[in-house]
> 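Dropping a structure here in structure tokens format, bear with me for questions.
Letters go in sequence order (proteins before strands), and every chain restarts at 1.
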Amino acid sequence: MGSLSQELTLIMCKAFKALGLPTEHARVQISGQGQAAQFQCNGAMACAKIARKNPREIAKNIIDQVNQNTDNKDIFEDISIGGAGFINITLKDTYIATHLKNLIKDVRFGILSVEPNQTIILDYGGPNVAKAMHVGHLRSSIIGDSLRRMCLHAGYEAIGDVHMGDWGTPMGMILSELDLTGFDGEITMEMLAKIYPKASAACKEDKNRMALAREATRKLQDGNNYYTNRWREFIDVSIKGMKNNFDALGVHFDEWKGESDAHPFIKDMIEDLKSKNIAVESEGALIVPVAHDDDKKELPPLILLKSDGAVLYGTTDLATIIERIKSHNPIKIIYVVDQRQALHFEQVFRAARKSSIAPQDSIELIHAGFGTMNGADGKPFKTRDGGVMRLEGLISMAIEKAQIRLDEAALAKDMDDNERDDIANKVAIAALKFADLQNNRSADYIFDIDRMTSFEGKTGPYLLYQTVRIKSLLKKADAQNDIACEELKITNSDRGLALLLSELPDHFDNAMKLYAPHILCDYAFKLAQEFSSFYGNCHILSEKDEILKLSRLALCQQTYKQLSLILNLLGIEIPARM
RNA sequence: GCGCCCUUAGCUCAACUGGAUAGAGCACCUGCCUUCUAAGCAGGGGGUUACAGGUUCGAUUCCUGUAGGGCGUACCA
């Protein structure tokens, strides 16, 4: 089963077909707000344009055709022409009730599952070894993790890979810095946090210092034993630090691979590309030209080897595709990386196509880029002292605020410290995640710390609150199991919620298609709002009409389930109470 | 220079990909806790969708131009 609008689209398709009209215009959508109808189909106007006929006349023909079909006699309360040729549709309450009963029975709530055994790899997070994670890592991690959950739910085998930056010149900078200081003890996270910025600054200033870093990088990449061991040491320390951050955020990875994992594939890849004449020498470097004749812009080549022989991140990205195809044979790789990398991925993807590393018809390569997190001045976010805000700092700030809120409301009075901390954590993370995810993925957005740690209005905690409230209600009604509801009663007070519940597949499909969690955020918020309004209108537990009471409890339970599902897809955990 | 993206309410964002009267949250104003959690609900004010043209039954959405902003443009990631 699908959503109501999907069902109605099928009905319209039949009618369009019978009339010889193109069925791609038969799509039925939810009516715009302020319209009297529940659904609308705008296809008559599109058809009229092609056939050069009166749109209202075509609309009338379509409606007649629909009405003639006896299959449809119990569906429509009203189907009529509006405005320039809109077909307005309002459903019978009995039809809505039947649909909803099926929806409740369906474990997938109407969302269709894809063909099994299709793997999608998602590349997100992308933290750099030895660098503290900052707020900039928030977007990639949170969006990527949400997309992974969505892919899983759609029925794909989804694999999240953190793809750390663990192989470039920065590694050499650290190794050479360790050499210079002569330190050979145990490396800690605190040390790394100091060593790297120091080394990086020194290299920037001093050419000779940079040469040392490059030399160390080269040795590491050539497999030098001492350097490899040292490197492994601080990689492990670094991963521990990353895991702390990702655990705090509830961001999951199936694989903890990095650029270095592509290294074993690079040599063969380069030989292969050279022999096929796809990789050529230019200005001392080895490049893959990727420009097309019909390009509007000038596209620089992908550089595989620098003139000093070192590899670049385009090289590792290309080799990583080889590695991933070999290990998982995915139908798709989704890169959740800053939009500013668009040109880079264009180059990598083109090189992958050109070299047949990733043939067009067997694997899809998607750069799901996200917009820059800007400060209030509209420029990429920086703290007052010019640095970037540490992720840990942001998280603990949010948690602290949540604890204060709990104490203010005296909600934590009868809780032990564990529960209080647990709730504060969940509320804080929900606030951060939702604040980020509700923004359109590809657009830049303003980082506003007050907004991210706000618990009222269109926020994560609001969604948690509504969800927890339903749960509490169901508990009071003693409805731990599924509510056995023979008859669903749709009244004026229930209709809005019932219709909204049936929209889930529409929004899920759309979110999948556009790799856009914000679509789910928007739907979840609307659902929570609609529920809250319903909750305010109808006192359920004191309802005397037993059938209506049961029917409403079923609606509550379904709302609870759907909100839980969406929150889960967004990577937001629900506390037992709040 | 060239290319890509952005400009919607005081602020932060939506708008189901060309549909009807552009929606939310915050902030501001008015009500509502003696029946299910007030992190809530009901209501109010606030818009020339940057500007000027064009395409068409119909444009925030598509095209052209202008202004403002961001980003990217061969050996950093």
> Taking the side chain of A/L343 as its heavy atoms from C-beta onward, which of B/U73, B/C16, B/A20 lies nearest to it?
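Per side-chain heavy atoms of A/L343, the pick is B/U73.
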
> Can you tell me how far P in B/G40 sits from the matching atom in B/C57, rounded to whole Å?
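Between the two P atoms, the distance is 47 Å.
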
> Within the structure, does a side-chain N or O atom of A/K471 lie under 4.0 Å from either OP1 or OP2 of B/U37?
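False: A/K471 side-chain N/O out of range (4.0 Å or more) of B/U37 OP1/OP2.
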
> Roughly how far, to the nearest 0.5 Å, is the CG atom of A/L527 from the OH atom of A/Y560?
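Nearest 0.5 Å value for the OH-CG distance: 13.5 Å.
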
> Distance check, P atoms only: B/G72 and B/A77, in whole angstrom units.
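Straight-line distance between the two P atoms is 15 Å.
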
> When only distance counts, do a donor and an acceptor, one from the side chain of A/D317 and one from the base of B/A77, lie under 3.5 Å apart?
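Counting by modelled atom types and ignoring angles, no donor-acceptor contact under 3.5 Å is found here.
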
> Mind checking the C1' distance from B/U7 to B/U49? Whole angstroms is fine.
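Approximately 10 Å lies between the C1' atom of B/U7 and that of B/U49.
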
> Give the minimum heavy-atom separation between A/T217 and A/A213, together with the two atoms involved.
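Shortest heavy-atom contact: OG1-O, 2.7 Å.
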
> Is any side-chain N of the basic residue among A/K458 and A/D522 closer than 4.0 Å to the acidic one's carboxylate O?
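Yes.
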
> Between B/C36, B/C16, B/A77, which nucleotide has the shortest distance from any of its atoms to the side chain of A/K476?
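Nearest listed nucleotide: B/C36.
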
> 5'-most contact on RNA chain B: A/F39 or A/F525, nearest heavy atom basis?
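Mapping each residue to its closest nucleotide by heavy atoms, the 5'-most match is A/F39.
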
> Where along nucleotides 39-49 of chain B does protein come under 4.0 Å, by heavy atom, of base (B) or sugar-phosphate alone (S), with - for untouched nucleotides?
BSSS-------

> Can you see whether A/Y515 has A/R441 sitting over its ring - NZ or CZ less than 6.0 Å from the centre and within 45° of the normal?
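The answer is no, since A/R441 fails at least one limit relative to A/Y515.
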
> Look up atom CZ in A/F345 and atom CG in A/L302, then write down how far apart they are to the nearest 0.5 Å.
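So the gap between those two atoms works out to 11.5 Å.
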
> If we take the P atom in both B/A9 and B/U66, what is their distance in whole Å?
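My reading of the P atoms in B/A9 and B/U66 gives 24 Å.
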
> Which part of the nucleic acid, if any, lies within contact of A/N440, taking any heavy atom under 4.0 Å across all strands shown: a base, the sugar-phosphate backbone alone, or nothing?
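Sugar-phosphate: the residue A/N440, judged by heavy atoms under 4.0 Å, touches backbone atoms but no base.
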
> With syn defined as a glycosidic angle within 90° of 0 and anti as the rest, where does B/C33 land?
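In terms of base orientation relative to the sugar, B/C33 is syn.
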
> State which of B/C16, B/A74, B/C36 makes the closest approach to the side chain of A/P300.
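Nearest to the side chain of A/P300 among the choices is B/A74.
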
> In the strands shown, is B/C51 matched to any nucleotide by a Watson-Crick or G-U wobble pair with both distances under 3.5 Å, and which?
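Paired with B/G65.
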
> Whom does B/G3 pair with, Watson-Crick or G-U wobble, provided both distances fall under 3.5 Å?
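B/G3 is paired, partner B/C71.
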
> Can you tell me the pairing partner of B/G25 across any strand shown, Watson-Crick or G-U wobble, with both distances under 3.5 angstrom?
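B/C11 - that is the nucleotide pairing with B/G25, both distances being under 3.5 Å.
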
> Taking the C1' atom of each, how far is B/A15 from B/G25, in whole Å?
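My reading of the C1' atoms in B/A15 and B/G25 gives 15 Å.
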
> For A/R340 and B/G3, is the shortest distance between a side-chain N/O and OP1 or OP2 below 4.0 Å?
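No.
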
> Of the nucleotides B/C36, B/A14, B/C76, which one has an atom closest to the side chain of A/R214?
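Ranking B/C36, B/A14, B/C76 by closest atom to the A/R214 side chain puts B/C76 first.
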
> To the side chain of A/T169, which of B/G25, B/A77, B/A20 is closest?
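The nucleotide sitting nearest to the side chain is B/A77.
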
> Of A/N128 and A/R441, whose closest RNA chain B nucleotide lies nearer the 5' terminus?
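With A/R441 and A/N128 compared, the 5'-side residue is A/R441.
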
> Which listed nucleotide (B/U35, B/A14, B/A77) is nearest to the side chain of A/S542?
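Nearest to the side-chain atoms of A/S542, counting from C-beta on, is B/U35.
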
> Under 3.5 Å, is there an N or O donor on one side and an acceptor on the other linking the side chain of A/S282 and the base of B/A74?
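Indeed, a donor on one side and an acceptor on the other fall under 3.5 Å apart.
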
> Can A/H539 be said to stack with the base of B/C36, given centres closer than 5.5 angstrom and planes under 30 degrees apart?
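One would call A/H539 stacked on the B/C36 base.
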
> Give me the distance, rounded to whole Å, that separates B/C2 from B/U8 when you measure between the P atoms they each carry.
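It comes out at 26 Å once rounded to the nearest Å.
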
> Rounded at 0.5 Å granularity, tell me how far CZ in A/F534 sits from CG in A/D494.
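Going from the CZ atom of A/F534 to the CG atom of A/D494 covers 5.0 Å.
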
> Do A/K433 and A/E573 sit within salt-bridge range, that is, some charged N less than 4.0 Å from a carboxylate O?
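A/E573 and A/K433: not salt-bridged.
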
> Just checking A/Y313 against A/H344, ring centres under 6.0 Å apart?
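Yes, the ring centres sit under 6.0 Å apart.
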
> Return the pairing partner of B/G31 with a 3.5 Å limit on both distances, Watson-Crick or G-U wobble; otherwise return none.
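B/C41 is the nucleotide pairing with B/G31.
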
> Measuring only the C1' atom in each nucleotide, how far is B/G46 from B/C11? A whole number of Å is fine.
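These two C1' atoms come out 13 Å apart once rounded.
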
> Do NZ/NE/NH1/NH2 and the carboxylate oxygens of A/E346 and A/R350 come within less than 4.0 Å?
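Between A/R350 and A/E346 there is a salt bridge, with a charged N closer than 4.0 Å to a carboxylate O.
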
> Below 4.0 angstrom from OP1 or OP2 of B/A15, is there any side-chain N or O of A/H518?
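Yes, because at least one side-chain N or O of A/H518 sits under 4.0 Å from OP1 or OP2 of B/A15.
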
> Of all the nucleotides listed (B/C36, B/G19, B/C16), which has the minimum atom distance to the side chain of A/L473?
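From the listed options, B/C36 comes nearest.
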
> Taking B/G10 as the reference, what is the distance to B/G65 when you measure between their P atoms (whole Å, please)?
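Going atom to atom, P in each nucleotide, I get 30 Å.
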
> Considering only side-chain heavy atoms of A/I287, which listed nucleotide, B/A74, B/U35, B/U12, is closest?
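Taking heavy atoms from C-beta onward, the closest nucleotide is B/A74.
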
> Given the structure, check if the side chain of A/K49 and the base of B/G58 hold any donor-acceptor pair shorter than 3.5 Å.
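Such a pair is found, so the answer is yes.
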
> Can you tell me if A/N88 and A/Q38 form a side-chain donor-acceptor pair at under 3.5 Å?
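The answer is no; no qualifying pair exists.
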
